[in-house]
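Worth saying up front: this structure is predicted, and the values here are computed from it rather than measured. Counting starts at 1 for both ligands and their atoms, following the listed order.
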Amino acid sequence: MRIRTKRDPQSYTFPGYGTEAFPSLLLRGAGDLDNWKIQAYEGRHEGYQALRKALASAPAEVTEEVKRSGLRGRGGAGFPTGLKWTFMPKDTEEKKVTRYVVCNADEGEPGTFKDRAILEYNPHQLIEGMIIAGWAMQCRMGFIYVRGEFKWLVDKLDAAIQEAREQGYLGKNILGSGWDFDLLTYRGAGAYICGEETALLNSLEGRRGEPRVKPPFPAQVGAYGQPTTVNNVETFACVPPILRMGGAAFAGIGSPNNSGTRIFGISGHVKRPGLYELPMGTPLRFLVEELAGGTSSGRPIKAICPGGSSAPFLTAEDLDTPMDFDAMKAKGTMAGSGGVVVMDDSVCMVQVALRLAHFYAHESCGQCTPCREGCNWMEMILHRIEHGQGRMEDLDLLASLTPRINLRTLCPLGDAAAGPIESILKKWRPEFEHHVKTGHCLAQESHLLVGAH
Ligand SMILES: Cc1cc2nc3c(=O)[nH]c(=O)nc-3n(C[C@H](O)[C@H](O)[C@H](O)COP(=O)(O)O)c2cc1C
């Protein structure tokens with residue numbers, strides 16, 4: 001895995017977009033094997049200085065600083081983090097309402113592989129961010145819900161938590177503040193739905209991982225029935241730099257309303273796949289062409305999935321779109337989890353749609369009929385089109401299915417399944433028609449033809 005963080009501060013030239021210099025905030029030292037240790041974090045990266053600063057301030061002031069930073073959640077939806085923290089009950093210490101802070105380290109979205117780099121190379125930044133969040137929301141306990149397949153990362157995370165305890169950053173009377181807080185890791189069992197925050201809470205409690213009906217929202221009734229805030233790994237990791245540099249300075253990085261840096265993961269048909277930390281709002285073209293080197297085959301780009309598999313597809317015409325929540329939304333897609341997948345013109349989009357439909361049909365928890373039945377129907381229709389048994393009316397049937405799944409489910413898994421398939425059918429409909437008419441794949445036929453010359 002390529003991790004572009006060696007230069008600190010990094011300085012990239014944006015051809016045609018001016019020059020930007022920015023600090024690496026999230027992956028500092030990533031790639032250095034000892035970077036996960038507390039000595040490296042304290043010694044090289046001002047580790048736990050932000051916690052000291054936070055503990056010297058009132059909890060509400062810390063939340064205000066996070067609000068000032070404009071930080072938006074990196075788990076997918078881009079919800080403002082400081083605002084989310086204010087939803088927790090405002091009652092005082094004396095009332096002793098047990099509340100929890102939970103880190104979503106499920107990272108199940110296909111095409112996404114950023115959180116694991118923080119867990120592997122910079123776990124103390126996540127831990128420090130969670131302790132600060134715990135202080136801001138006056139929690140006594142935090143959980144890190146980690147995807148089951150990340151077993152080796154949980155061992156490392158547990159070791160890092162133990163290091164933090166030994167230094168007095170976790171446990172009783174943290175740094176003499178009189179406040180107690182501790183962290184526990186919890187391994188999921190490997191279901192995509194357990195990344196949805198309320199399914200995650202059910203799973204954390206040992207129940208079946210199914211989304212809950214909302215309201216009540218987790219800030220009212222969360223883990224074990226208590227007020228809870230769930231944030232993504234990268235979101236928490238942004239908190240120490242925010243406190244160190246100040247919310248206003250963080251807000252000055254990135255594009256308007258989309259502050260800070262973000263770890264973009266790029267994969268697929270590119271020369272240099274990997275993780276790149278860039279300011280929010282960096283043009284997609286810079287990531288795809290400059291950093292990742294364009295297509296490995298030298299062939300034209302056909303499709304780009306800009307934010308994990310739930311994001312509707314873009315084409316090469318959209319390469320100048322800034323990678324932030326608002327600009328991606330304006331293009332009819334989403335910045336999502338920051339996982340960019342590039343496909344060259346050898347790819348059959350019917351096959352891509354089928355692969356996605358299979359994933360979502362398999363991962364639907366089955367609670368809501370439109371998602372459970374709809375995802376299966378999408379897969380069945382796409383399966384017959386891909387295998388030469390499609391009918392022309394299947395295309396309209398498929399087009400009529402997606403809006404009947406979208407926004408009709410308890411959680412956004414239904415939308416995540418419908419959106420990308422809808423976009424593929426809209427943008428590459430002739431490929432579907434060719435499949436139905438000839439039983440063959442247009443993309444692969446032309447790929448072979450060009451390859452033969
Ligand atoms: C099906 C599904 C899967 C999700 N998977 C993840 C995930 O793996 N990691 C994550 O942080 N958020 C995931 N989310 C989003 C979470 O529900 C939640 O919005 C997020 O953890 C909030 O954190 P943030 O505000 O810091 O972004 C998923 C949502 C859905 C609907």
Side-chain angles (χ1 to χ4, degrees), residues 26 66-67 69-88 101-116 118-119 126 129-130 133 137 143-150 188 190-204 209-212 214 217-219 222-223 228-239 242 258 260 262-263 265 280 307-311 325 334-339 356 359-368 371-372 375 405-407 409-420:
L26 301 164
V66 175
K67 275 172 89 176
S69 75
L71 174 65
R72 295 175 67 173
R74 306 302 200 230
F79 194 83
T81 306
L83 180 64
K84 192 187 228 181
W85 291 8
T86 64
F87 297 156
M88 291 287 267
V101 60
V102 174
C103 173
N104 189 341
D106 195 56
E107 190 149 79
E109 180 85 0
T112 312
F113 48 98
K114 65 186 178 73
D115 292 340
R116 75 179 68 180
I118 294 175
L119 296 172
L126 163 65
M130 284 193 77
M137 291 177 273
F143 299 99
I144 308 179
Y145 184 98
V146 191
R147 171 189 188 80
E149 292 92 329
F150 288 170
Y192 174 62
I193 192 61
C194 288
E196 193 282 332
E197 61 182 11
T198 59
L200 180 154
L201 295 176
N202 273 343
S203 172
L204 180 70
E210 287 177 337
R212 297 175 178 174
K214 286 160 272 185
F217 291 94
T228 302
T229 291
V230 183
N231 278 125
N232 171 259
V233 172
E234 193 182 351
T235 311
F236 282 123
C238 286
V239 172
I242 287 172
N258 293 267
R262 183 161 206 202
I263 307 171
M280 292 279 278
S309 63
S310 309
F325 294 109
M334 57 185 197
S337 58
L356 286 171
F359 172 78
Y360 287 104
H362 184 257
E363 296 295 337
S364 170
C365 78
Q367 233 187 148
C368 310
C371 177
R372 182 188 64 241
C375 289
I405 302 172
N406 225 346
L407 300 174
T409 50
L410 278 180
C411 88
L413 190 144
D415 315 353

### Query
Of all the non-hydrogen atoms in the protein, which one sits nearest to atom 29 (C) of ligand 1, and at what distance?
Glu196 CA, 3.7 Å

#### Entry: Numbered atoms of ligand 1 (with element) below 4.0 Å of Val230, judged on heavy atoms
22 (C), 23 (O)

### Query
What is the closest protein heavy atom to atom 23 (O) of ligand 1, and at what distance does it sit?
Asn232 N, 3.3 Å

### Task
Heavy atoms only: give me the nearest Ile144-Leu126 pair and the separation to one decimal.
CD1-CD2, 4.3 Å

### Message
Tell me whether Glu107 contacts the main-chain N or O of Arg116 through its side chain, where contact means a donor paired with an acceptor under 3.5 Å.
### Response
yes

### Task
For Leu204 and Tyr145, work out which heavy atoms get closest and say how close.
N-CE1, 4.0 Å

### Query
Asn202 side chain to Glu210 main-chain N or O, any donor-acceptor pair under 3.5 Å?
yes

### Message
Within ligand 1, which atoms have a heavy atom of Asp106 less than 4.0 Å away?
### Response
8 (O)

### Query
Of the listed options (Arg72, Glu197, Glu107, Glu363), which comes nearest to atom 19 (O) of ligand 1 when hydrogens are ignored and any heavy atom counts?
Glu197

### Query
atom 1 (C) of ligand 1: which protein heavy atom is closest, and how many Å away?
Tyr192 CE2, 3.6 Å

### Summary
Numbered in order shown, the ligand 1 atoms found under 4.0 Å of a heavy atom of Gly73 are 24 (P), 25 (O), 26 (O), 27 (O)

### Query
By number and element, which atoms of ligand 1 are closer than 4.0 Å to a non-hydrogen atom of Arg74?
26 (O), 27 (O)

### Task
Check each heavy atom of Asn231 against ligand 1 and say whether those closer than 4.0 Å belong to the side chain, the backbone, both or neither.
both

#### Entry: Any donor-acceptor N/O pair, Arg74 side chain to Arg262 backbone, under 3.5 Å
no

### Message
To check your reading of the model: name the closest protein heavy atom to atom 26 (O) of ligand 1, its residue, and the distance in Å.
### Response
Thr235 OG1, 2.7 Å

### Query
Which ligand 1 atoms, with their elements, are less than 4.0 angstrom from a heavy-atom of Gly108?
8 (O)

## Note on the structure
shortest atom 31 (C) of ligand 1-to-protein heavy-atom contact is with Pro412 CD, 3.4 Å

#### Entry: For atom 21 (O) of ligand 1, the protein heavy atom that lies nearest, with its residue and separation
Asn104 ND2, 2.9 Å

### Query
Nearest heavy atom to atom 5 (N) of ligand 1: which of Gly195, Cys194, Ala105 does it belong to?
Gly195

### Message
In this structure, does ligand 1 have an atom that sits under 4.0 Å from one of the heavy atoms of Glu109?
### Response
no

### Message
Would you say that Leu26 contacts Cys238 through its side chain, given a criterion of any heavy-atom pair below 4.5 Å between the two side chains?
### Response
yes

### Query
Has the side chain of Asn258 got a donor or acceptor atom that lies under 3.5 Å from a matching backbone atom of Phe325?
yes

### Query
Between Ser203 and Gly209, is there a donor-acceptor pair closer than 3.5 Å when you use the side chain of the first and the backbone of the second?
no

### Query
To which protein heavy atom is atom 27 (O) of ligand 1 closest, and what is the distance rounded to 0.1 Å?
Gly75 N, 2.8 Å

### Message
Whether the Ser310 and Tyr192 side chains hold a donor-acceptor pair (N or O, under 3.5 Å, no angle test) is what I'd like checked.
### Response
yes

### Message
Does any N or O of ligand 1 fall below 3.5 Å from an N or O anywhere on Asp115, backbone included?
### Response
no

#### Entry: Test: Arg147 cationic atom under 6.0 Å from Phe150 six-membered ring centre, within 45° of axis
yes

### Task
Evaluate the side-chain proximity of Glu197 to Leu201: yes if any heavy-atom separation is below 4.5 Å, no if none is.
no

## Note on the structure
re atom 25 (O) of ligand 1, the protein heavy-atom contact at minimum distance is Lys84 NZ, 2.9 Å

